[in-house]
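Notes follow once the structure below has been shown.
Please read all numbers here as calculations on a predicted model, not as lab measurements.
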Amino acid sequence: MPSKRKVSSTVPAKSPESSNSITVSLNKKLKPDPPVLEAVVASPVECDDDFIEDEVEESVCDSSNDESSAHNKVRRAVHANEEQECVFSGEPVPEAQAWQQYPNRYIIKDKVKANGSPMSLDCQDDSNQLIQAKCHFTQGLIDSQIYKLGDDAYVKAADGEDDYICKIVEFFQAVDGMKYFNAQWFYRAKDTVIKALDQFIDNKRVFLSEIKDDNPLDCLVKKIKIVPISLNVSLQLKESLRSESDYYYDMKYLLPYSSFVSLPSDVSSPDSESDSTISSDSDIVEVNEQKQEKKLLDLYSGCGGMSTGLCLGADICGVNLVTKWAVDLNRYACHSLKVNHPETVVRNEAASDFLLLLKEWEQLCASCSLLKSDTPPHPLLKEENEEDDDDGGDEDEDEGSGDEEEGEIFEVEEILEVCYGDPKEIKKPGLYFKVHWKGYGPDEDTWEPIEGLDGCQKKIKDFVTKGFKTSVLPLPGEVDAICGGPPCQGISGFNRFRDKQNPLQDPKNKQLEVFMDIVKFLKPRFVLMENVVDLVRFADGFLGRYALSRLVGMNYQARMGMMVAGAYGLPQFRMRVFTWGALHSEKLPQYPLPTHNVVVRRGVPTEFELNAVAYEEGSKVKLKKELFLEDALSDLPPVENNEPRDEMPYTDEPKTDFQRFIRLKRDGTLGTVLYDHRPLLLNEDDYQRVCQIPKQKGANFRDLPGVRVRADNIVEWDPDVERVKLTSGKPLVPDYAMTFVRGTSPKPFGRLWWDEIVSTIVTRAQPHNRAVLHPLQDRVLTIRENARLQGFLDYYKLTGPIKERYIQVGNAVAVPVARALGYSLALALKGLSEEKPLLSLPPNFPCIEELVSNEESLD
């Protein structure tokens with residue numbers, strides 16, 4: 001089971017830069033890096049009435065290595081150098097009221113807290129770690145300025161740093177006589193996970209935290225005004241409130257899962273017209289969400305693993321989520337998706353061209369008076385009344401003329417499709433239409449620029465009107481959810497020329513920018529982005545921070561989590577990063593907790609430890625047993641290296657719960673036809689090598705004659721054995737196997753074994769540097785075997801050349817992970833997501849236990 005370090009709900013008090021400084025550093029408090037922080041708090045002083053202040057300070061500060069003693073040195077330095085007026089103002093809060101309002105601050109002589117719970121004089125035994133109070137106040141006087149409870153203020157920071165920002169929630173004098181205020185902190189964007197990418201965030205915008213701690217009273221510097229602003233207020237009111245304040249806030253920032261979330265429902269903007277919350281009509285919302293079709297756009301869709309899983313998971317939760325549109329540059333992947341999802345409009349084009357097309361399409365719809373918006377009409381499409389005023393020929397000629405060649409006039413019969421850029425080999429920017437010419441067959445259809453169809457406004461408008469009614473392309477506000485995994489090859493460990501200084505300048509990482517630009521244009525209700533873990537590993541997590549900064553800059557709630565595929569019912573580890581986004585008016589989707597007991601093989605980046613989707617360490621939960629290779633593949637018929645069939649019958653009954661589930665068809669019955677169960681055809685040399693790899697666990701090229709392994713696990717040639725040759729004359733053991741990872745890797749020509757969990761399914765099936773051999777057969781895993789390890793149901797058919805099908809499977813999001821996320825998305829669509837970032841899936845998710853329980857009852 002993926003474990004997670006238990007983290008306190010509060011971040012520790014500040015530690016001094018040095019023992020003789022009264023400046024308090026909040027760097028670790030306000031920045032979520034590292035995410036698991038060492039507590040540096042003033043020790044609670046618990047004493048009888050005759051316990052004097054000097055004794056307290058002496059006893060607490062004995063140890064020079066004690067972090068709390070360092071804090072007390074600062075407190076004494078504050079006393080010694082106090083030059084400004086720093087006192088509490090007014091009468092103390094009545095004792096009975098203070099004890100009732102702040103019960104954990106007070107103790108009585110028999111060592112019992114004011115709330116009745118026992119406590120010890122040893123501060124390490126006090127889990128609350130609170131400084132004990134002598135009395136409370138409602139206001140303080142610092143440097144001739146009155147501060148009241150609820151005021152916002154600057155707090156001293158280290159030299160050269162911006163002062164920190166807080167809301168004052170408590171004034172009290174400790175039993176040792178020290179004066180304190182308790183602060184609830186605000187984050188600037190640069191103090192959050194966003195860090196240096198704060199240029200996307202308004203510099204007056206801050207984020208409320210749930211972190212509160214105690215600070216010496218004279219750390220207060222200046223009163224300021226911070227106003228809450230609801231994200232649904234008018235721009236005019238927002239600008240008015242912004243201009244009249246030092247800062248404003250419209251979201252909270254929480255360390256776990258780097259979360260930016262909407263304000264609580266009880267926080268509203270001054271002078272706002274309504275205090276209603278997004279969940280006030282939750283019952284109505286839930287009913288409507290179940291009835292209506294929800295539209296999903298899948299960007300960088302590949303063969304559709306992510307969107308397929310999302311729709312399956314949403315269906316389990318009672319939401320009709322449909323992949324309405326899909327976009328990918330790989331034509332084979334597009335064809336596979338279309339075969340399995342005929343209801344989807346699949347576009348084979350670059351995402352950047354798709355974005356330009358969307359902008360043109362909006363203008364076209366505006367030209368046809370189909371939109372109620374301020375969008376200007378397309379400059380190359382005449383208004384209808386202008387066409388009516390044209391004179392110069394009959395209607396057919398004006399409306400249908402196109403190209404003219406050698407005196408022949410070609411008449412446009414129908415506009416079929418639209419795209420941005422010439423679809424031919426040489427791309428040219430601009431809007432293009434696919435034209436069917438009158439009197440010619442479909443083989444003569446051509447792509448024409450809009451400029452060349454000047455006399456065909458009516459045909460174009462007919463096409464646009466029809467496309468608008470059928471939602472052939474999405475318009476802003478029409479998309480319920482966008483999902484996608486923008487490729488970022490520029491961060492891959494296989495890229496020796498990675499740009500660590502400016503990752504976004506690498507063209508291979510530009511698609512992340514395009515993805516966010518499409519989100520900005522279409523304004524979907526929800527966003528889900530997937531990527532490899534290097535998104536938060538490479539260049540100090542630059543691209544992960546960029547993704548969050550763009551979403552928050554567009555006023556989306558956001559959070560980021562890392563999920564392991566094996567923890568959701570696959571014999572594959574495969575950790576990926578998933579970033580949620582949601583409009584301020586929506587519930588931010590949660591992350592589904594694991595369902596299967598899979599041990600994390602390697603840790604996530606230290607700074608992002610709080611982003612791993614897992615149960616708290618020590619949680620007593622009953623998870624399903626992890627799955628192994630045998631659970632997924634043992635029922636599949638044996639095939640040879642040169643298997644030619646794309647379809648074949650099953651020869652065995654399913655042997656495990658996984659196999660029963662994976663063989664289900666869309667109608668819930670067991671399938672009878674198996675697709676894509678064929679391996680990459682190895683060349684003769686590699687096939688001969690594979691045939692000599694022993695059929696046993698852990699076998700690989702190291703088991704071939706002529707190779708020996710030193711004590712340090714590095715391979716070398718055995719001088720006592722002559723190097724074996726293949727029939728082609730090439731060596732049985734190739735040089736590249738001996739030198740791979742400096743001779744330390746056992747992966748070349750490695751066999752997988754039945755009781756193993758695969759690391760990660762990749763796009764290449766070559767055995768040269770990966771363990772991809774079948775346990776008992778002399779071949780690599782087939783396309784279908786890889787697809788099963790990714791969770792694709794057996795009915796899901798893939799198309800294209802063999803290598804292309806491996807690429808489609810390897811690039812896909814694991815379907816069970818997407819299915820779990822789809823369930824979470826459905827809850828958010830119904831307005832039922834909770835505020836906490838994690839949710840537990842139903843006990844029978846995704847209902848495969850029903851198959852098991854029936855058999856067990858028979859036994």
Under 3.5 Å, is there a donor-acceptor pair between the side chain of Glu210 and the main chain of Leu254? no
Would you check if there is a donor-acceptor pair between the side chains of Tyr300 and Gln511 at a distance under 3.5 Å? yes
Quick check: does any side chain N or O of Tyr147 sit under 3.5 Å from a backbone N or O of Lys222, one acting as donor and the other as acceptor? yes
Return the CD1 to OH distance between Ile229 and Tyr249, rounded to the nearest 0.5 Å. 10.0 Å
As an exercise, state the distance from CG of Asp250 to CG of Leu241, rounded to the nearest 0.5 Å. 11.5 Å
Evaluate Met178 against Ile131 for side chain to side chain contact (heavy atoms under 4.5 Å, CB included), listing each step before the verdict. CA-CA 10 Å; Met178 286 293 293; Ile131 300 173; over 6 Å; no
Evaluate the side-chain proximity of Arg550 to Lys520: yes if any heavy-atom separation is below 4.5 Å, no if none is. yes
With a 4.0 Å cut-off on N to O distance, would you call Asp162 and Lys190 a salt bridge? yes
Can you check whether Arg576 reaches Val532 side chain to side chain, under 4.5 Å on heavy atoms? yes
Close side-chain approach of Pro486 and Asn531, heavy atoms under 4.5 Å: yes
Donor-acceptor pair, Lys204 side chain versus Arg242 backbone, under 3.5 Å? yes
Which value, rounded to the nearest 0.5 Å, describes the distance between Asp517 atom CG and Leu355 atom CG? 6.0 Å
In terms of side-chain heavy atoms, does Tyr248 have a donor or acceptor partner in Asp202 at a distance below 3.5 Å? yes
Taking only Lys NZ, Arg NE, NH1 and NH2, and the carboxylate oxygens of Asp or Glu, determine whether Asp151 and Lys223 approach each other closer than 4.0 Å. yes
With no hydrogens and no angle check, is any side-chain donor or acceptor of Ser262 less than 3.5 Å from a backbone partner on His584? yes
Taking Tyr187 as the fixed residue, which of Tyr253, Phe260, Phe207 is the one that meets the ring pair (Phe, Tyr, Trp, His ring centres under 6.0 Å) rule? Tyr253
Got a salt bridge between Arg525 and Glu478, using NZ or NE/NH1/NH2 to carboxylate O under 4.0 Å? no
Got a second to check how far Tyr257's OH is from Phe578's CZ, nearest 0.5 Å? 14.0 Å
Show the nearest heavy-atom pair for residues Ile224 and Ala153, with the distance to one decimal. CG1-N, 3.7 Å
For the residue pair Phe186 and Tyr247, is the inter-centroid distance of their aromatic rings smaller than 6.0 Å? no
Does Ile518 reach the side chain of Met516, with side-chain heavy atoms less than 4.5 Å apart? no
Quick one: do Leu297 and Cys483 satisfy side chain to side chain contact (heavy atoms under 4.5 Å, CB included)? Show the steps, please. CA-CA 6 Å; Leu297 165 61; Cys483 71; over 6 Å; no
Minimum heavy-atom separation for Met529 and Leu535, please, with both atom names. CE-CD2, 3.9 Å
For the backbone of Leu838 and the side chain of Gln590, can you confirm whether one donor and one acceptor N or O come within less than 3.5 Å of each other? yes
Could you check, using the six-membered ring where one of them is a Trp, whether Phe171 and Phe181 have ring centers closer than 6.0 angstrom? no
Taking atom CG of Asn182 and atom OH of Tyr102, what is their separation to the nearest 0.5 Å? 8.5 Å
Test Trp185 against Ile165 for side chain to side chain contact (heavy atoms under 4.5 Å, CB included), laying out the working first. CA-CA 6 Å; Trp185 298 101; Ile165 308 169; 6.0 Å; no
Between Asp152 and Lys167, is the salt bridge (charged side-chain N to carboxylate O under 4.0 Å, His left out) condition met? List the steps. CA-CA 4 Å; Asp152 305 309; Lys167 181 180 293 295; 2.9 Å; yes
Hey, does the Lys NZ or Arg CZ of Arg105 hover above the aromatic six-ring of Phe172, less than 6.0 Å from the centre and inside 45° of the axis? yes
Do Asn555 and Arg205 have side chains that get closer than 4.5 Å, going by heavy atoms? yes
Can you tell me if Asp480 uses its side chain to pair, donor with acceptor, with the backbone of Lys295 under 3.5 Å? yes
Closest non-hydrogen contact found for Ala314 with Ala826 is CA-CB, 3.7 Å
Residues Val193 and Phe608: closest non-hydrogen pair is CG2-CE2, 3.8 Å
Shortest non-hydrogen separation from Val519 to Pro524 and the atoms involved: O-CD, 3.5 Å
Using modelled atom types only, decide if a donor and an acceptor are shared between the side chain of Ser234 and the backbone of Leu237 within a distance under 3.5 Å. yes
I'd like to check Ile194 versus Arg545 (side-chain heavy atoms, cut-off strictly below 4.5 Å). Are they in contact? no
Looking at every heavy atom in both Ser833 and Ser824, which two are closest together, and how far apart are they? OG-O, 4.1 Å
Using atom types as modelled and distance alone, determine if a side-chain donor or acceptor of Asp328 lies under 3.5 Å from a backbone N or O of Ser301. yes
Between the side chain of Ser144 and the main-chain N/O of Leu141, is any donor-acceptor distance below 3.5 Å? no
Quick one: do Glu607 and Lys195 make a salt bridge, cutoff under 4.0 Å? yes
Side chains of Leu149 and Val169 in contact at under 4.5 Å (non-hydrogen atoms): no
Calculate, to the nearest 0.5 Å, the distance between atoms CD and OG belonging to Glu513 and Ser352 respectively. 11.5 Å
Leu220 side chain reached by Ile168 side chain, heavy atoms, under 4.5 Å: yes
Does the pair Lys359/Glu362 count as a salt bridge with the N-to-O cut at 4.0 Å? no
Using modelled atom types only, decide if a donor and an acceptor are shared between the side chain of Ser619 and the backbone of Tyr615 within a distance under 3.5 Å. no
Walk me through whether Thr579 and Val577 qualify under side chain to side chain contact (heavy atoms under 4.5 Å, CB included). CA-CA 7 Å; Thr579 303; Val577 177; 4.2 Å; yes
If the condition is side chain to side chain donor-acceptor pair (under 3.5 Å), which residues does Tyr591 pass it with, not counting sequence neighbours? none
